[in-house]
A.B. asks: 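If you scroll down you'll find the structure; I have some questions about it.
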Amino acid sequence: MKLNIALLAGDGIGPEVIDQAVKVSDAVAKKFGHEINWTPALTGAAAIDAVGEPYPDETHEVCANADAVLFGAIGHPRFDNDPSAKVRPEQGLLKMRQKLGLFANVRPTFTFPSLIDKSPLKKERIEGTDLIILRELTGGVYFGERGRKDDGNTAFDTMTYQRYEIDRLARKGFEMALKRSKKLCCVDKANVLESSRLWRETVQNLEKEYPEVEVSYEFVDAVAMRLVQWPKAYDVIITANLFGDILTDEASVISGSMGLMPSSSVGSKVSLYEPIHGSYPQAAGKNIANPLATVLSAAMLFEDLNLADEAEAIRAVVNKSLAEGVVTEDLAEGGKSFGTSEVGDWLAANI
């Protein structure tokens with residue numbers, strides 16, 4: 001099978017972790033008789049520096065014509081610390097989601113047997129956790145009307161949703177639930193927000209189409225509490241853009257390291273795969289960044305392309321590396337640690 005993959009390394013540690021995912025993916029392709037054509041393209045601060053835009057038209061063309069997109073990270077502190085900056089790396093990510101129609105961010109949260117004691121939460125609370133959060137990506141407060149008034153002393157951001165945006169995300173959640181434990185939780189703030197009442201209404205209208213799925217409705221503040229109290233209570237969660245942004249980062253610490261969790265952003269034609277961590281500029285170029293989340297994102301890519309054995313081969317070798325202590329310094333806890341590229345080399349060699 002021939003695969004055309006767009007490769008967006010991005011900023012900070014992005015290029016380093018992407019390199020390791022490419023090594024592992026090429027090893028899997030060789031093992032299973034596939035051919036991968038990687039097409040690099042610029043995004044984020046790197047693209048701003050090169051062409052003045054965080055998501056250039058040329059990059060969009062590469063992504064739109066690919067079978068999938070493998071993405072590293074975006075962001076740079078010189079933009080974070082400049083409130084007056086007119087162009088920001090993160091604008092490229094929002095533009096990419098809109099232009100590619102990436103409407104659902106799929107973030108799994110699970111535990112690794114060999115790392116269960118590294119989580120900040122008690123073992124008995126998290127052991128066996130296996131949940132997925134679907135975050136809506138193209139609507140909500142990040143895309144609503146915003147601005148300043150009263151001579152700049154009042155600022156506003158508007159959370160706007162259209163029914164079709166909720167419907168397509170909810171259907172994706174119902175379909176995932178059918179393949180799992182047939183449990184779906186809609187997370188909102190319907191006691192306060194009109195947009196959340198539209199969410200709840202839309203999901204309730206879909207229930208009759210998926211009678212096998214048990215649906216619950218919870219407020220976002222309650223879920224934020226229960227995620228750390230009893231994460232095993234959840235299986236598939238669907239929620240709005242802002243709520244999902246916060247809850248998925250909270251859920252990521254359950255595994256013991258943000259550097260372990262993969263994600264995908266699903267579109268109608270092409271999907272994007274990325275680690276959930278940021279660009280971590282303090283570690284850029286030091287060969288210390290954990291590449292496992294990016295490698296596991298590549299596993300999600302293979303699985304979504306109906307290459308389940310290839311995906312499982314990647315997950316198996318990642319588990320082996322964790323069990324044998326072939327890890328970067330964030331997981332070594334004072335013991336022997338390996339560099340980013342060394343971990344990638346070891347994973348590729350052990351596929």
Side-chain angles (χ1 to χ4, degrees), residues 13 16-18 20-21 23-25 27-28 72-73 106-133 180-181 226-235 237 247-264 273-278 280 282-283 286-303 311-351:
I13 62 171
E16 297 170 69
V17 294
I18 278 285
Q20 314 321 311
K23 290 177 188 175
V24 175
S25 298
V28 166
V106 181
R107 285 200 184 184
T109 294
F110 47 86
T111 55
F112 299 87
S114 58
L115 297 180
I116 200 77
D117 293 321
K118 294 186 185 293
S119 173
L121 302 180
K122 293 179 180 178
K123 177 180 178 180
E124 59 269 23
R125 291 190 182 275
I126 64 168
E127 200 165 29
T129 294
D130 181 9
L131 63 91
I132 290 179
I133 300 177
R180 292 169 55 89
S181 298
R226 292 189 67 201
L227 264 180
V228 293
Q229 286 182 317
W230 198 244
K232 288 181 280 189
Y234 298 104
D235 186 57
I237 291 173
L247 291 178
T248 51
D249 276 9
E250 181 192 13
S252 71
V253 304
I254 292 171
S255 68
S257 172
M258 205 177 195
L260 292 172
M261 289 292 106
S263 76
S264 65
Y273 302 83
E274 62 176 312
I276 71 164
H277 59 68
Y280 192 16
Q282 301 90 335
K286 296 180 180 179
N287 197 37
I288 60 173
N290 187 343
L292 295 185
T294 314
V295 171
L296 289 170
S297 297
M300 292 182 74
L301 183 158
F302 279 104
E303 185 156 39
E312 184 53 38
I314 294 176
R315 295 189 184 107
V317 80
V318 166
N319 278 319
K320 183 179 180 183
S321 74
L322 292 170
E324 297 187 15
V326 183
V327 294
T328 45
E329 64 176 33
D330 59 307
L331 296 176
E333 289 191 344
K336 178 176 173 54
S337 65
F338 293 76
T340 307
S341 58
E342 291 177 289
V343 172
D345 291 341
W346 189 94
L347 294 170
N350 281 269
I351 285 292

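Just so it is clear, the values below take in all heavy atoms, side chains as well, and ignore hydrogens, waters and symmetry mates. Count residues from 1 along the sequence.
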A.B. asks: At their closest point, which heavy atom of Asn287 faces which heavy atom of Ser341, and how far apart are they?
C.D. replies: OD1-N, 3.0 Å
A.B. asks: Taking everything shown except Lys232 itself, do over 12 heavy atoms lie less than 6.0 Å from its NZ?
C.D. replies: yes
A.B. asks: How close do Arg125 and Gln229 get, counting heavy atoms only, and between which atoms?
C.D. replies: NH1-O, 2.8 Å
A.B. asks: Rounded to the nearest 0.5 Å, what separates atom CG in Leu296 from atom OH in Tyr273?
C.D. replies: 14.0 Å
A.B. asks: Quick one: does Val28's side chain get under 4.5 Å of Ile314's, heavy atoms only?
C.D. replies: yes
A.B. asks: Check Lys336 against Phe338 and note the closest heavy-atom contact, atom names and distance.
C.D. replies: CE-CZ, 3.5 Å
A.B. asks: Mind checking whether Thr328 and Ser337 have side chains closer than 4.5 Å, heavy atoms only?
C.D. replies: no
A.B. asks: Would you compute the distance between atom CD1 of Ile288 and atom OH of Tyr280 and round it to the nearest 0.5 angstrom?
C.D. replies: 5.0 Å
A.B. asks: Donor-acceptor check, side chain of Ser263 to backbone of Arg107, threshold 3.5 angstrom: yes or no?
C.D. replies: no
A.B. asks: Please report the shortest heavy-atom distance between Val327 and Ser321, naming the atom on each side.
C.D. replies: CG1-O, 4.1 Å
A.B. asks: Hey, what do you get for CD1 (Ile18) to CD (Glu16), rounding to the nearest 0.5 Å?
C.D. replies: 11.5 Å
A.B. asks: Tell me the closest heavy-atom pair linking Ala293 and Pro275, and the distance in Å.
C.D. replies: CB-CB, 3.6 Å
A.B. asks: Yes or no on side-chain contact (heavy atoms from CB on, under 4.5 Å) for Thr111 and Glu127, after CA distance, side-chain angles and deciding distance?
C.D. replies: CA-CA 7 Å; Thr111 55; Glu127 200 165 29; 5.6 Å; no
A.B. asks: Can you confirm whether Ile126 sits close enough to Pro231 that some side-chain heavy atom of one is under 4.5 Å from a side-chain heavy atom of the other?
C.D. replies: yes
A.B. asks: Using the side chain to side chain contact (heavy atoms under 4.5 Å, CB included) rule, pick out the option among Thr294, Val343, Leu292, Val295 that qualifies with Val17.
C.D. replies: Thr294
A.B. asks: May I ask you to decide whether Glu329 forms a salt bridge with Lys286, counting only side-chain N to carboxylate O separations under 4.0 Å?
C.D. replies: no
A.B. asks: Ile132 versus Arg180: any side-chain heavy-atom pair under 4.5 Å?
C.D. replies: yes
A.B. asks: Can you find a heavy atom in the side chain of Glu250 that is under 4.5 Å from one in the side chain of Val228?
C.D. replies: yes
A.B. asks: Is there side-chain contact between Leu260 and Leu331, with at least one heavy-atom pair below 4.5 Å?
C.D. replies: yes
A.B. asks: Which pair of heavy atoms, one from Ser25 and one from Phe302, lies closest together, and at what distance?
C.D. replies: OG-CE1, 3.8 Å
A.B. asks: Output yes when a side-chain donor or acceptor of Thr340 lies under 3.5 Å from a complementary backbone atom of Ala289, and no otherwise.
C.D. replies: yes
A.B. asks: Quick check against the 3.5 Å criterion: does Ser119 have a side-chain atom that pairs as donor or acceptor with the backbone of Ile116?
C.D. replies: no
A.B. asks: So, Asp117 and Lys123, do they make that salt bridge, N to O below 4.0 Å?
C.D. replies: no
A.B. asks: Could you state the interatomic distance from CD1 (Ile254) to CG (Asp130), rounded to the nearest 0.5 Å?
C.D. replies: 11.0 Å
A.B. asks: Rounded to the nearest 0.5 Å, how far apart are OG of Ser252 and CG of Leu227?
C.D. replies: 10.5 Å
A.B. asks: Measuring from atom OG1 of Thr129 to atom CH2 of Trp230, what distance do you get when rounded to the nearest 0.5 angstrom?
C.D. replies: 8.5 Å
A.B. asks: Is any side-chain heavy atom of Asn350 closer than 4.5 Å to a side-chain heavy atom of Val326?
C.D. replies: no
